[in-house]
Each structure stands twice: as C-alpha cells, then as structure tokens.
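Starting from 1, each residue takes its place in the sequence as its number.
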Amino acid sequence: MAELKLRLQQGNTQRTVTVNRDEFTLGRLPECDLTLPFEGISRYHARFVKTPSGVWTIEDMGSKNGTRLNESSISSPQKVNHGDVIWIGDISLWVLLVDPSQPNKSNLQSQANGLTILRNVKDLQQQWIQANGRGEESGNKEKAIARLKDLVEIAKGLSAAESIEAIFSKVQDVVFRYLKSIDRLALLIDVSSSGKLELLNAAARNVSQQQNLVGDGSWISRTICQKVFEEKVAVQTADTQMDERFQGQKSILDKGIRSAMAVPLWDENKVVGVLYADAHHSSDHWSEEGEEDLSFFSALANLVASSVQRWLLAQKLRSEAMIRQRLERYHSPAVVQQLIAVGSMAEGRLPPAEGEISILFADIVGFTALSERLSPVQLAELLNGLFEEMLQEVFAVGGTLDKYIGDCIMAFFGAPEPQPDHADRAFVAARGMLTRLERLNTNRVLREPLQLRIAVNSGKAVVGDVGSSQRVDYTALGATINLASRMEAICPPGECVVSEATYQMLGQKQGLVVMGEYQFKGIHRPVRVYQTKLQ
C-alpha cells in the first residue's frame, strides 16, 4: 500500500513531510498535523484521508481561499495521484506516493523527483529577474539589472514581429543563446480557441536536425504540453527516462527524449499556447540549476504570449473581414453581423441543415425580347441597376440572396437564422419589389421600363454551403424551391402569386384571391395558388 509524502514548495524552500496517519489535517493552527502559519491559509484548511481501499484523497475543510488540485478548485474529496500538485494559498504540496515494499522503485522515484520541477507559472513570472541567492548582494543586483535589460530587448524584438514566423524567429534566437542545453524548440498555439494545440513552428540547434520538425510532430510530448496548457503549470524534467510519471509514454521513450521543458503562453487570464523544448541527452545542468532556466523560459513565454495574442487577433480580424465580404453578397448586414458574432461558420462553411423557409423567385417579363434590342453591355447595366434596387427590399426584411439566375432573383427567408415569420417577410419583400419597380419606371431611372413576375412558396428545405473544395455556393435545395420556380411561370405580369402553404402562414391575407388549382411538372398533387396585383 502506497505511503504518502508531501513535498512543500514555498519560494525557493523545499521540505518533505511524511503523512503518518489515515486522516491528516493541514492548516494555520498548531493542532493541525501539518501547521502552515502563512497568510491565505485557514485555521483548518484541508485534509488528506486514506479510504478503506488504501486510496488517498484530498478535501477542503471550508477554507476561505479554497484548495486546488492541479490548478482546479475542489468542492468534494478528490483522489490524488503521484506527481499531483496541491495548492493551499501560495503553498504548493507535491504528492509523492511511495511503495515501501519496493525499495528500488522508491529510490528511482526519489532520483526522478530530484530531477523534475513542476511549478505554478505565477511563481515564475518575476523569479528570473531576481538574483539566484549566490554571491554578494552587489553582484546579485548587477545580475538582476542585466536580466531586466535582456527582457526589455526581447520585448522590443517581439513587439516588432507581425507574423508567427517572425515571432518564433525571435524566440528561437533568444532560447538557443541563453539555454545551451536545449536541442529543439517548438511553438504550439490554440489557433481556433478549441483547446486543441497546433504545432505552428519548430527549430533545432543543429541544422542537420531541422528538416520536417513541423511536419513530423511526433517528437513532441503531447502529454507534457496538454498538462501545461490545461493546468497553467510549468514543467521541466532533466531525465524523462527516470521519471515514473512518463513511464508508458511511448512518444517520449521511443524518440529517446531525455530532457524536456514546457511553459504556458499565458496572457492575463487566458492560455493561448505552449512553448516546448527538449534535449536528447539528460541535462545535469537542469538537475542543479533547472529552476533558474525554467524561470527564464517562463518569463520569455509571458512576453511571447502577448505577441501571439496580437497575431491571433490579427488573424481573427482578417478572417472576419473575408467572411463578411463573402456573406454580404448574400445576407442583410444584420444577418452577417449575427453570423460572425455567434461563429456559425465551421471551417469556413455553413453546413447544410434542414429548416422551414419561404422561397421567392422574381423574373423579368419579356427578357428575351429585351436582350434582342440591347447590347450585352447595356443589358448588363440594366440588370445591375435592377438587382441593386430589388435586393434592398430583400435585405430590408432580413432575407438572404441565393443567386441570380440570368434575369431572375432567387431569395429565401428563414435561414441561416430561423425566422418564424418567414412567410410574412417574403410577402413584404415581394410587395416592396413591385412597388419600388413601379416608382423606378415612373421616374425613368432605368434604361427600359420593366415588369416582374414574383412567386413565393413555403415549406421544408435544406440550406447551406454546397459545392466542391474549389467552389462553394450558399443555396437552398428541395421540393419547396422547385414548386416556387414552377409557380413563377404562371404568374401574370406585374403581380405576385403565393402557394397554399404560404397563404396559410401569412398574418395578413388582405388582397389575396384564389387564382386556381394547378398541376405542376414533378409535383404529384394539385396546388392551390393565390394572386394579388400589388400597386
């Protein structure tokens, strides 16, 4: 049965405490099994309890500031594992579970523990600037000033870097100059804010090892990176082969990684990525002065985080601008803003989805004869002027342009955002189009006086991006669209017709009269059609 030991970390001071009873309390009072007379710690703060099956758990005892297990606050008893970190106030307790019946394994753990550092990044933010505690006070001050100057120069270089390649280039130069034991370096970013780290850039100190480091990311320990990313901790191990926590991690063992170091790119309250480094050989330097290197690596990561955040924001703005430019050809400005705000576009596409919509077809009467009289340039100018005016009526009620089919406008209502009153919106748009066209004709705005036939139908349809990787159209598909297209052919010039389905959904039916029942090609039932002459 495993014996529980706690390694206390406060600043640069460490000590190990053996838990010698099945219920072990921690707090500020002397009556506690482990007294921690520090600010932020309650009188009875937390306790370890061994269950009848021999499992150790940690629970908070109603403390004021709470207890954290690997950066996660606990509200109920939680199982602890070897290598976990318990945070009580500013005090960290590293959990060591040792099996007394296996002395060799215990020795291995002790050696590994001495070679591994796991720290909360808050404790490391300023530590690299501080003196390391060795030498005269004046020497420490000089060292602190030199380090501060270095950070300022690094910050200047990063602030001027705009691309992720430029940012990484600055980081690479600094890391390989200061940390001589590092062989390879990698920058992993949560580009899509989904919690998934993407390897964006990597470099090796030895140019011969440089090839395909990004393409073949298997050399990186995803286990270490994910722990760092999720728990906001900095990890450094001087010998992964001797660390029990990495036993069974095939990527580490197979690749022969001996030393690894990773810190979160933490800007304020958000982790945007991980800075990762490793070496093929174990580093005795890390086992002796590893905390100083880790502190520098963490301080550098804090500077890098700001640059990466700036780059991510620029990427987001550029992506939004492209999305907006594309969507504004189809949607009203209000719908475009809504789409961008809710992030509806997955991987740059609106996935096809079924819903209730109303579809509108508006066709120019006598277009064939018109095209015989006008030159292609004149015809194009006429269509552009008409479409510009008609589209304003569609967008005014939140409609979506599907496409222009020659001289025909195809628009729908009720997607991508659901609109319960889509039939009313379509009918209002149709009436507005006819009224606006009459005004244009009266004022002789267009080259030729024009008339429209408009048909509206409502029902189920599939709406979304359809096409290949080279070309995609945002469109509506289904029998509802086919019927609306057929209805447009029977519409009298200068009028609008609506189907029975649309008529039943309309809130205002005034002015609509039955036109008759019609049998349309491909539709196996008679369809009642209503008409109105919209003045």
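Distance alone, capped at 3.5 Å, places no donor-acceptor pair between the Asp278 side chain and the Met261 backbone. In this structure a side-chain-to-backbone donor-acceptor pair under 3.5 Å is present from Gln378 to Ser375. Of the possible donor and acceptor atoms, one in the side chain of Arg205 sits under 3.5 Å from a partner among the backbone N and O of Ile182. Judged purely by atom type and a 3.5 angstrom limit, Thr400 uses its side chain to pair as donor or acceptor with the backbone of Ala415. Side-chain atoms of Ser169 do not come within 3.5 Å of backbone N or O of Glu165 as any donor-acceptor pair. Checked by atom type and distance alone, the side chain of Trp87 never pairs as donor or acceptor with a backbone atom of Leu69 at under 3.5 Å. Proximity of a side-chain donor or acceptor of Gln419 to a complementary backbone N or O of Gly398 within less than 3.5 Å is detected. Although no hydrogens or angles enter the test, the distance criterion places no donor-acceptor pair under 3.5 Å between the side chain of Arg453 and the main chain of Ile364. Here the side chain of Asp190 pairs a donor or acceptor atom with the backbone of Ser193 at under 3.5 angstrom. Distance alone, capped at 3.5 Å, is enough to place a donor-acceptor pair between the Asp84 side chain and the Asn81 backbone.
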Would you list the atom pairs, donor with acceptor, under 3.5 Å between side chains in residues 505-518 and any protein atom, with sequence neighbours excluded?
from: Gln508; atom 1: OE1; to: Gln510; atom 2: NE2; distance (Å): 2.9
from: Lys509; atom 1: NZ; to: Tyr503; atom 2: O; distance (Å): 3.4
from: Lys509; atom 1: NZ; to: Leu506; atom 2: O; distance (Å): 2.8

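Taking the side chain as every heavy atom from C-beta outward, Leu200 and Val214 never approach each other to under 4.5 Å. Inter-residue side-chain proximity for Asp173 and Val171 is flagged as unmet; no heavy-atom pair is nearer than 4.5 Å.
For Arg425, the salt bridge (charged side-chain N to carboxylate O under 4.0 Å, His left out) partners are Asp421, not counting sequence neighbours.
In this structure, CD on Glu488 lies 8.0 Å from CZ on Phe361, to the nearest 0.5 angstrom. The structure places SG of Cys408 at 10.0 Å from CG of Asp402, a figure rounded to the nearest 0.5 Å. Here OH of Tyr276 is found 12.5 Å from CG of Leu197. Values are rounded to the nearest 0.5 Å.
Around atom CZ of Arg177, more than 12 heavy atoms belonging to other residues, nucleotides or ligands sit under 6.0 Å away. The environment of CD in Glu388 is sparse: at most 12 heavy-atom neighbours from other residues, nucleotides or ligands sit within 6.0 Å.
Val456 approaches Thr502 most closely through the heavy-atom pair O-OG1, 3.6 Å. Ser499 approaches Met487 most closely through the heavy-atom pair N-CE, 3.4 Å. Considering all non-hydrogen atoms of both residues, Cys225 and Val274 come closest at O-CG2, 3.6 Å.
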Exercise for the section: Please test Leu300 against Val174 for side chain to side chain contact (heavy atoms under 4.5 Å, CB included), starting from the C-alpha separation and ending with a verdict. Expected result: CA-CA 9 Å; Leu300 175 62; Val174 171; 4.2 Å; yes
Exercise for the section: I would like to know whether Glu393 and Val428 meet side chain to side chain contact (heavy atoms under 4.5 Å, CB included); could you show each step before the answer? Expected result: CA-CA 8 Å; Glu393 298 296 333; Val428 168; over 6 Å; no
Exercise for the section: Mind running side chain to side chain donor-acceptor pair (under 3.5 Å) on Gln78 and Ser76 for me, showing each step along the way? Expected result: CA-CA 6 Å; Gln78 300 291 319; Ser76 60; 3.2 Å; yes
Exercise for the section: Check the pair Leu275, Leu185 against side chain to side chain contact (heavy atoms under 4.5 Å, CB included), reporting the backbone distance first and the verdict last. Expected result: CA-CA 8 Å; Leu275 197 59; Leu185 179 70; 4.2 Å; yes
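Under the 3.5 Å distance criterion, with hydrogens and angles disregarded, no donor-acceptor pair is assigned to the side chains of Ser221 and Thr223. Defined by atom type and a distance below 3.5 Å, a donor-acceptor pair is missing between the side-chain atoms of Asn457 and Thr480. For the residue pair Gln504/Glu500, the side-chain donor-acceptor check at 3.5 Å is satisfied. Between the side chains of Thr368 and Ser371, no donor-acceptor pair of N or O atoms lies under 3.5 Å.
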